[in-house]
Amino acid sequence: MVGARIIGWGTALPQKVVSNADLSEMMETNDEWITERTGIKRRHIGGSTATLSIESAQRAITMSGIDPSSIDGVVLSTTTPDRTVPATSATVQNALGLRCGAFDLNAACSGFVYAYVVAHGLISIGAKRLLVIGTDTLSRITDWSDRGTAILFADGSGACVIDAVSDGGQLLGWDLDADGSLEHLLYADIGGYIHMDGKEVFRRAVRIMVDSAHKSLAKAGLGIDDVALCVPHQANVRIIDAACRQLGIPMERTAVVLQETGNTSSASIPLALFDAADKGRISDGDIVLMVGFGAGMTAASAVIEWRKP
Ligand code: COA
């Protein structure tokens, strides 16, 4: 059976760091409130979706040690493309000197897992090597006078190269979901800012993450005790805590970077996953559960068997 595995990865964060103290000079808020309600201490702001994507993708290509001309597709997950057309993935493809298919995908904060699963679909019909990127520059669609959202959102990127393999690959189970009837809870019109019903998003987020994780694990034929590391969407540490408690995964087996990154949407899961990999928190053969949720309201999860590149 044809499958795929990650052979290299990279991440990118803008240089500019905005602390909770910095925010308290711009709006009626404070470090204590933000830390207690969200877990976020700092976030990175700046760059464009293309520049951050190029940086993380270049690192992934370098780590993979591959000839870039062997890449036959770029899948870029983003809710914040630099232009309406062309897709930002076209800018990234050209900057990296690639000549292959390139498209953007928008499934909000579940986007990286969507992109990773869609890439496996392409592998199953003949693609050999793909670049999968998750990048968002949410600071550009955040109303910096709205303390209900400005404390949460930020910018970043994570990318990986995945290669076709004939032994079934590392993706053991997956789930993609959406409920468009809930779009009023979290949206940004074209040219407008993010609007959010924070309480309602919080309440539903926990439920849909748990539900999606269970579906992926069932497809993989695994149980929660098999999971060595859970990599949840980095939106709010209280959401992660509640979801992991309901799933029965202790925080020691959970990847959390949001204290340093805020909510970077499409970049959130790859930033957390590759941080854990870089720190040696994942060993060969470990079962990793990625699970995200976002506007739409989308949910996505994937159970993978980690293979050291
Ligand atoms: N600083 C200080 N006080 C704030 C504040 C801020 N940034 N934002 C709100 N408050 C105040 C409110 O005005 C309210 O005051 P009141 O009790 O006097 O009316 C109080 O704090 C509680 O506000 P509330 O909105 O009920 O807080 P909350 O505990 O629900 O936390 C969020 C707000 C946004 C942090 C939380 O709802 C959340 O994280 N939701 C999920 C959002 C999310 O993950 N979105 C992305 C999905 S991909």
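Computed from heavy atoms alone, side chains included, the values below leave out hydrogens, waters and symmetry copies. One-based numbering, in listed order, for ligands and for the atoms of each.
- Applying the side-chain hydrogen bond (donor to acceptor under 3.5 Å, both in side chains) test between Ser157 and each of Thr135, Asp136, Thr137 identifies Thr135 as the sole match.
- Salt bridge Arg207/Asp211: absent, no basic N to carboxylate O contact under 4.0 Å.
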- [ ] Take Asp146 and Thr149, measure what side chain to side chain donor-acceptor pair (under 3.5 Å) needs, and give me the verdict at the end.
- [x] CA-CA 6 Å; Asp146 173 17; Thr149 53; 2.9 Å; yes
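- Nearest protein neighbour of atom 1 (N) of ligand 1, counting heavy atoms only, is Thr29 OG1, 2.6 Å.
- Residue Phe293 approaches ligand 1 through these ligand atoms, each under 4.0 Å from one of its heavy atoms: 47 (C), 48 (S).
- The protein heavy atom nearest to atom 39 (O) of ligand 1 is Asn236 ND2, 2.7 Å.
- Of all the heavy atoms of Met27, none lies under 4.0 Å from any atom of ligand 1, so neither backbone nor side chain is involved.
- Close approach of ligand 1 to Lys199 (heavy-atom distance below 4.0 Å) involves ligand atoms 24 (P), 26 (O), 28 (P), 30 (O), 37 (O).
- Close contacts of ligand 1 with Ile151, meaning ligand atoms under 4.0 Å from a residue heavy atom, involve 7 (N).
- The main-chain N or O of Val18 is never found under 3.5 Å from a side-chain atom of Arg42 such that the two would form a donor-acceptor pair.
- The pair Arg281-Asp275 does not count as a salt bridge, with every side-chain nitrogen at least 4.0 angstrom from each carboxylate oxygen.
- Within a 4.0 Å radius of atom 32 (C) of ligand 1, the protein contributes no heavy atom.
- For CZ of Arg83, the number of neighbouring non-hydrogen atoms (other residues, nucleotides, ligands) closer than 6.0 Å is 12 at most.
- Proximity of atom 25 (O) of ligand 1 to the protein is not indicated, since no non-hydrogen protein atom lies closer than 4.0 angstrom.
- Arg129 and Asp72 are not joined by a salt bridge, as no carboxylate oxygen comes within less than 4.0 angstrom of a charged side-chain nitrogen.
- With values rounded to the nearest 0.5 angstrom, Met297 atom CE is found 10.0 Å from His184 atom NE2.
- Within the 4.0 Å heavy-atom criterion, neither part of Thr149 lies near ligand 1.
- Below 30°, between 30° and 60°, or above 60°: for Trp306 and Trp9 the angle between ring planes is between 30° and 60°, a tilted geometry.
- With respect to atom 14 (C) of ligand 1, the closest heavy atom belonging to the protein is Arg147 NH2, 4.9 Å.
- Taking CG of Leu76 as the reference point, atom CG of Leu131 lies at 9.0 Å (rounded to 0.5 Å).
- Remark: ligand 1 atoms within the under-4.0 Å shell around heavy atoms of Thr38 are 35 (C).
- Of all protein heavy atoms, the one lying nearest to atom 45 (N) of ligand 1 is Met196 SD, 3.2 Å.
- Proximity to Cys109 (heavy-atom distance under 4.0 Å) selects the following atoms of ligand 1: 48 (S).
- For ligand 1, the atoms closer than 4.0 angstrom to any heavy atom of Gly198 are 37 (O), 40 (N), 41 (C).
- Given atom 29 (O) of ligand 1, the protein heavy atom at minimum distance is Arg37 NH1, 2.8 Å.
- Relative orientation of the His195 and Tyr187 rings is parallel, given thresholds of 30° and 60° on the angle between their planes.
- Every atom of ligand 1 with a heavy atom of Arg238 under 4.0 Å away is listed here by number and element: 29 (O).
- A salt bridge links Arg307 with Asp284: the distance from a Lys NZ or Arg NE/NH1/NH2 to an Asp or Glu carboxylate oxygen falls below 4.0 Å.
- What sits closest to atom 46 (C) of ligand 1 on the protein, heavy atoms only, is Asn263 ND2, 3.5 Å.
- Less than 4.0 angstrom separates atom 48 (S) of ligand 1 from at least one non-hydrogen atom of the protein.
- Against a heavy-atom cut-off of under 4.0 Å, Ala235 is close to the following atoms of ligand 1: 44 (O).
- Scanning the protein heavy atoms around atom 9 (C) of ligand 1, the nearest turns out to be Trp33 CZ2, 3.5 Å.
- Around CD of Glu200, the count of heavy atoms belonging to other residues, nucleotides or ligands within 6.0 Å exceeds 12.
- Protein heavy atoms are absent from the 4.0 Å sphere centred on atom 19 (O) of ligand 1.
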